[in-house]
Amino acid sequence: MLTSPRKFLPLIANHSGNRSPMTCKYRCGDACFHEVPNTSEGAYLGDIIASGISRRSLLKVGAVVAVAGAGAGAATLGAQPAAAAPAQAARGLAFTPVPPNSEHAVSVPEGYTSKVLIRWGDPLFSDAPAFEPENQSAAGQERQFGYNNDHLDLFEIRRDEHVMVINHEYTNEEIMFPGYDPAAPTQDQVEIAWAAHGLTVVGVTGAAQGRPSGELTTVVDHRLNRRLTATTPFELTGPVAGSEYVRTTADPDGRTVLGTLNNCAGGVTPWRTWLTAEENFNQYFANADEVTDPVVRERLRRYGLPGGASQRKWEAYDPRFDLGAEPNEVNRFGWIVEVDPFDPGSTPRKRTALGRFKHEAANIHLSRQNQVVAYMGDDERFDYLYKFVSRDTFRRNNPEHNATLLDNGTLYVALFTGNSPVEEIDGSGTLPSDGGFDGAGEWIPIVTSDEAGAHSHVEGMTGVEVLLFTRQAGDAVGATKMDRPEDVETNPLTGVLYVALTNNTNRGTGTNPGPDETNPRSSNRHGHVIELMETGNDPRSYTFDWRIFLLCGDPNDPSTYFAGYDKSQVSPISCPDNVTFDPYGNLWISTDGNALGTNDGLFGVAVDGEYRGQVKQFLTVPISAETCGPKVTETRVLVCVQHPGERSGATFENQFSHWPDGGTSVPRPAVVVAWRPDGIRIGR
Ligand code: FEO
Ligand code: CA
Ligand code: CA
């Protein structure tokens, strides 16, 4: 079995990084091959805010607003390291970088070890069947770990016992199922795919009792273990719940949605719940061409809905995926989902006050007053960066109150302005004469939600429409078109926000928008990372300063920039995607689609001090996989290895990868944990 000669299609140039065309097809519904959905003019329309919040027009080109009250780290942001730094590293990043490679394996630095913690098909419950790829069932998959893990996080239960949360972004039927026919999937295959999507909650424990080891083991039948799939009931909350836009034949009240789809990155809340983000939900819904209402058609176009059949043909087995039959079902996806991992019987909630777009993640930062600020990216070329500011404050030990925080508040979209003359931004990545790609910015309020409903700040749109068709609200207020805003995370030590922009090869091509100071490279293949400093270091601010921290790529490429650090001492990095912070305030970045041609990886980089900008590769995932979900603690590093073996031409019978089990096995997306067997902490 599995002995047929391999025949794999070459990579197609000019799509998303080094991502294989097969990944584009199954993961994003070929988002990079479609027309850019954002055809809005993008000019700032000024005072079109209809009501509500008064907005300060503080944008002064060339001004640098002081970050009063910022922590010590923030205060050093302007300082650049010495050009020739010693071959040492920041605290927490003292490891020998892993060189770029194309191995069919996970690579970690010398002195570290790693293992697969859990992989597709592993049992969560003792009644789960053993994983048999030739003999799968939906009932079995519902009791097993799902496919294509993306975000992960850990909540501590007690010392060395955690509950781990992981989402399952999408399925790749061609390499999952024997004899798969993309034109005519069987009902069994579709139902298994429904069960392989969604979320997993699983207990994990440290393996070496009494020893400071980073090793972890999953616990079958842990009391918190849970699978949520494409058919689990979820509750819609906030102003869109119950509205005419979300009522369907199966749910005339418009409040209960079956399933969550295409969950990408995520975050956790201070009240110990999990936020997971519905991203490329559009690809699951068929027959947008059957919609005749021009207003609805334009909404569908802006979200990239396919005109005819969907990629996976789910509409053949459930009419809710057919827009011709059930036009509102699509409006019930594209939300941030909140899950209580400590209550396996709880109904997760889709939080409509946070807007609907291709959500990458939601990461929360508390203001000094304990208001909740959730930062969010919309992962599409030329789409926007958002934040939600809660009306009410987080209260410790009051879960009922905290469960309402994400239903009441104001949603904002970001407008960036550069401080250098536009003629100095030539698309090459050459720094402007003031030495930096930087400037100021403004958060434009678009809708405020409360118990009475949604109050629009955008002329011509109701509040509910702004929440549902948030991209069009961003268009209307002239938000800044970004190079695929992905994960967004605040440095807990300084309050500085880091925004990963994966890439945008369409920047400056054809009729697409050209470079600007915030997205300064034409045909941006390698992506960049922006630092955003809220005015007064207050995440509720209406204004901010920003500067580019990294312009990714091969350090020998003159268009790259590593915060001014000596380029001879950094690891090549391409297509930054998910970000996290370690306990020392170092930024860790995982990559998706490394356009330098080698495997994706996980990188640590100091953001302050003499090593600021020293990017170091800690880990690589197997060829054809993507690195996601990073979690970095004192003693362990966890990553999700997503879509191993996803190379065009691969099928179940003709696999490109046999990771992690080897031999002739099918590739299995998995969570990997790395640690130091000698018990020394990570990077020390
Ligand atoms: Fe699922 Fe934006 O990556
Ligand atoms: Ca500048
Ligand atoms: Ca991602």
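One-based numbering, in listed order, for ligands and for the atoms of each.
- When atom 2 (Fe) of ligand 1 is compared with the N/O/S atoms of Glu360, atom OE1 turns out nearest.
- When the shell of 6.0 Å around CD of Glu35 is examined, it contains 12 or fewer heavy atoms from other residues, nucleotides or ligands.
- Residue contacts to the Ca ion (ligand 2): Gly435 brings no N, O or S atom closer than 3.0 Å.
- Between Phe333 and Phe285, the ring centre distance stays below 6.0 Å.
- The N, O or S atom of Glu486 lying closest to atom 2 (Fe) of ligand 1 is OE1.
- Nearest heavy-atom pair, Leu551 versus Arg521, reported as atom, atom and distance to 0.1 Å: C-NH2, 3.6 Å.
- Restricting Glu517 to its N, O or S atoms, the one at the least distance from the Ca ion (ligand 2) is OE2.
- For Lys358 and Asp379, the salt-bridge test fails: no basic side-chain N is under 4.0 Å from an acidic carboxylate O.
- Sorting the N, O or S atoms of Glu169 by how far they are from atom 1 (Fe) of ligand 1 puts OE2 first.
- Expressed to the nearest 10°, the angle at the Ca ion (ligand 2) joining OD1 in Asp438 with OD1 in Asp434 is 110°.
- When you scan the N, O or S atoms of Asp379 for the one nearest atom 2 (Fe) of ligand 1, you land on OD2.
- Remark: side-chain polar atoms of Glu278 are paired, donor with acceptor, to backbone N or O of Trp335 under 3.5 angstrom.
- Atom 2 (Fe) of ligand 1 lies closest to atom OE2 when only the N/O/S atoms of Glu279 are considered.
- No cation-pi contact links Arg612 to Tyr565, judged by a cut-off of 6.0 Å to the six-membered ring centre and 45° from its axis.
- Coordination check, Cys264 versus atom 1 (Fe) of ligand 1: passed, since an N/O/S atom of the residue sits under 2.8 Å.
- Of the options His526, Glu486, Arg484, a side chain to side chain donor-acceptor pair (under 3.5 Å) to Asn503 is made by Arg484 and by none of the others.
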